[in-house]
Amino acid sequence: MKRKMISLLLTSAMVLSMMSVGMTASAEEETTDYWAGWEDVDTSEHVVINYMTTGDKPTGEALDNLNAMLDELNAILTEKVNAEIEIYYIEWTDYLSNYNLTLASMDGSVDLVGSSTDWLDAWPNAKNGAFLELSEEMLATYAPATWANVSDESWEACTYNGDIYFIPEDNYAQWTNHGFSYRLDWAREAGLEDGVNSWADMTTYFAYVIEAYGDDLLYAWNADGTQYATMVGGWITSNTNYISIDGINSGAMWGGTSDDPYTVYSPYLTETDLLVEFAELMKEWDEMGVWMTDVLNNTDLNNRDEFRVGQVAAEQHHTQTWTDLCSDTDANTIYDTDEDAEVGFFYFGEESGNLVSLSVTHGVMAVSAASENPERALMVYDLLRNDETCYRLFNYGIEGVSYEITEDGYKTTPEDYDSETQNIAGMVNFWWGRNDDLELKNAEYNWDAIEELYAEYDEIAIAYQYSQFIANVDEISYMIDNISEIHTNYMKQIAYGKYTGTAEEIVAEYQQALIDAGIEEVTAALQEQINETYGLE
């Protein structure tokens, strides 16, 4: 890439000024005006930039508050680049199909597109021509602050066949690795002085809370029967050095190992003894009464809210959810009713030290290939991501209405704040441009605990190994679909201990069904593609 040369030329054309449009710097330094070059860009025509995101469109008072924020934001965008932004929602019902259909229509109805390589088909849509190739010159001219601050490695992760298709959300600390949030104070009562650090500890913890608090709880974990794939995936992560390839199927059933990432295998076929141990443990949990007897038909989807108020003893989700649950927020009444309440997190992979950093393409911004104003779209994005005023409006709302800043610089909410109608972040869903340089820390969060866990993660995490791999599944998709169906049907039984016969019998039956469905052929096809991608023999 010519990035260093272009960046040097661009920087030489920029001026240093304390009148920066919004980038922050230390008191001793002048601030780089990344946008000085925009004086030469023709913005005489006012344009509307449609930003497409996944999420349900707000209604009622929430919509009124969103529009009030957009009015203030659009006044700024109009002044700076003679543009305004509107939000195009892909609602959650059947979201992926509607997302892909909207992009395929190529009717110019969207400009900026929030996407992801692991849950929103970013690479398939790029290959199908839905996204505009973003030249280095284009990025340097129309998104100069982003261009200057994204690393070569991150741009490379967004490149296919020599063309950049995405802007990565590469400067936002988040962890979406899964595990169990649990009551740390109760774990200590159970004799687990250091908390829960293994599946064996989790079993000890469940046994204790059922005995000690069972009469006061709905269940130890009011599981809804849908988390089978995460459960068995977490078990494998905790007991091997397996790392999965994103985006092949929802079960993440193919990958490599941390010390040999490019030899493809499926632990669901090879790790027979490990799967038997998992099946036995889940049968034990079922017989202990960890979840309701009819767990597979459970329609109560409120376990997280039940955890917040002390009605259950565990919540299975990712680290970002735990950062909220471990904090004394208004929603978490356990801290009000029990002064000793404390929430710990047992993350999958803790025993084995197997943790993969979130790919920088987990959240990306693309420009629709059908956009009539791609240059102005990039200018708007650059401001949303890098201008402090625009960033705070778009991510937090209007100061004094949706948020306030404490004397020590933390974000809090006004006394009359209503999260149902004033949570602007939950309305715009800007999961493709968050920036830690401009983020405000939530004053209610337990930052001592959060930063301690993040430091542990940073010490052991490895980089995602497959950012340049785009699987072509056209000829094997029917086998992958059949394998996914088999995985769902069997793993629901196994992961909740609802199978008949022995653990050995159900695992053998499951693995034979995978073989019959073509899992070995899929593995071989993926290996051939990995070899081609990475130049292996």
Side-chain angles (χ1 to χ4, degrees), residues 20-25 49 51-81 83-89 112 114 145-146 149 167 169-174 320-321 323-325 327-332 363 365 380-447 450-451:
S20 168
V21 184
M23 296 298 293
T24 58
I49 299 302
Y51 154 63
M52 180 170 133
T53 191
T54 48
D56 296 334
K57 183 176 180 178
T59 59
E61 187 177 348
L63 182 59
D64 292 340
N65 288 326
L66 174 64
N67 286 334
M69 179 279 290
L70 289 174
D71 286 344
E72 288 200 17
L73 175 63
N74 283 329
I76 297 170
L77 295 177
T78 297
E79 178 185 354
K80 294 185 182 299
V81 294
E84 59 186 276
I85 189 170
E86 292 184 357
I87 303 178
Y88 186 108
Y89 288 95
L112 291 171
T146 302
N149 287 286
I167 302 173
E169 186 183 68
D170 67 325
N171 191 36
Y172 179 72
Q174 62 174 326
Q320 291 299 103
T321 298
T323 62
D324 176 70
L325 294 176
S327 304
D328 189 3
T329 67
D330 291 340
N332 298 330
M365 186 63 82
V380 167
Y381 175 79
D382 209 41
L383 290 171
L384 294 179
R385 174 176 172 138
N386 300 289
D387 177 88
E388 184 175 75
T389 302
C390 294
Y391 188 90
R392 288 188 179 181
L393 278 167
F394 204 56
N395 287 278
Y396 303 128
I398 299 173
E399 185 174 355
V401 177
S402 291
Y403 77 101
E404 294 175 345
I405 300 177
T406 65
E407 290 183 358
D408 51 357
Y410 286 82
K411 179 179 73 69
T412 188
T413 54
E415 288 186 7
D416 59 351
Y417 176 81
D418 180 1
S419 62
E420 294 295 321
T421 61
Q422 293 175 293
N423 179 16
I424 294 298
M427 300 181 204
V428 303
N429 297 338
F430 192 54
W431 301 319
W432 358 82
R434 290 168 294 185
N435 183 352
D436 275 339
D437 293 340
L438 298 176
E439 279 287 305
L440 295 171
K441 286 185 175 181
N442 190 326
E444 294 183 316
Y445 273 27
N446 184 353
W447 289 104
I450 294 168
E451 290 174 352

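Residues passing the salt bridge (Lys or Arg N to Asp or Glu O under 4.0 Å) test with Glu451, sequence neighbours excluded: Lys441. Considering only residues two or more places apart in sequence or on other chains, Asp330 meets the side-chain contact (heavy atoms from CB on, under 4.5 Å) condition with Glu444.
Taking 4.5 Å as the limit, every side-chain heavy atom of Leu63 sits out of range of all side-chain heavy atoms of Met427. The side-chain heavy atoms of Trp432 and Tyr172, taken from C-beta on, include no pair separated by under 4.5 Å. The closest side-chain heavy-atom distance from Val428 to Leu66 is below 4.5 Å. Residues Tyr410 and Trp447 are in side-chain contact: their nearest non-hydrogen atoms beyond the backbone lie under 4.5 Å apart. Taking the side chain as every heavy atom from C-beta outward, Tyr89 and Thr53 approach each other to under 4.5 Å. Taking the side chain as every heavy atom from C-beta outward, Thr413 and Glu404 never approach each other to under 4.5 Å.
In plain terms, the two heavy atoms of Ala443 and Thr412 that are nearest each other are CB-CB, 4.3 Å. Between Tyr417 and Val401 the shortest heavy-atom distance is CD1-O, 4.3 Å. For the residue pair Thr146 and Asn386, the shortest heavy atom distance occurs at OG1-ND2, 2.9 Å.
A side-chain N or O of Gln174 and one of Glu169 form a donor-acceptor pair less than 3.5 Å apart. Asn171 and Asp436 form no side-chain donor-acceptor contact under 3.5 Å, judged by distance and modelled atom types alone. Side-chain polar atoms of Tyr396 and Glu439 form a donor-acceptor pair below 3.5 angstrom.
From Tyr391, atom OH reaches atom CG of Asn435 across 5.5 Å, with rounding to the nearest 0.5 Å. With rounding to the nearest 0.5 Å, the separation of CD1 in Ile398 from CD in Gln422 is 10.0 Å. With values rounded to the nearest 0.5 angstrom, Met52 atom CE is found 11.0 Å from Met365 atom CE. One finds the CG atom of Asn423 at 8.0 Å from the OG atom of Ser402 (value rounded to the nearest 0.5 Å). Note that the CG atom of Asp170 and the CG atom of Asn149 stand 8.5 Å from one another [nearest 0.5 Å]. Remark: Asp64 CG to Met69 CE distance equals 13.0 Å, nearest 0.5 Å.
Within the 3.5 Å criterion, the main-chain N or O of Leu440 finds no donor-acceptor partner in the side chain of Tyr403. Judged purely by atom type and a 3.5 angstrom limit, Asn395 has no side-chain atom pairing as donor or acceptor with the backbone of Phe430.
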(request) Go through the steps to decide whether Ile405 and Glu399 satisfy the test side-chain contact (heavy atoms from CB on, under 4.5 Å), and finish with yes or no. (result) CA-CA 8 Å; Ile405 300 177; Glu399 185 174 355; 4.0 Å; yes
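With Ile49 as the partner, the side chain to side chain contact (heavy atoms under 4.5 Å, CB included) test is satisfied by one option alone out of Val81, Val380, Leu77: Val380. Checking each of Leu438, Ile76, Leu73 against Thr389 for a side chain to side chain contact (heavy atoms under 4.5 Å, CB included) leaves exactly one that passes, namely Ile76. Each of Leu325, Thr323, Asp324 was scored for a side chain to side chain contact (heavy atoms under 4.5 Å, CB included) with Thr321, with one residue passing: Leu325.
Under the 6.0 Å cut-off for aromatic ring centres, Phe394 and Tyr51 qualify, their centroids lying closer than that.
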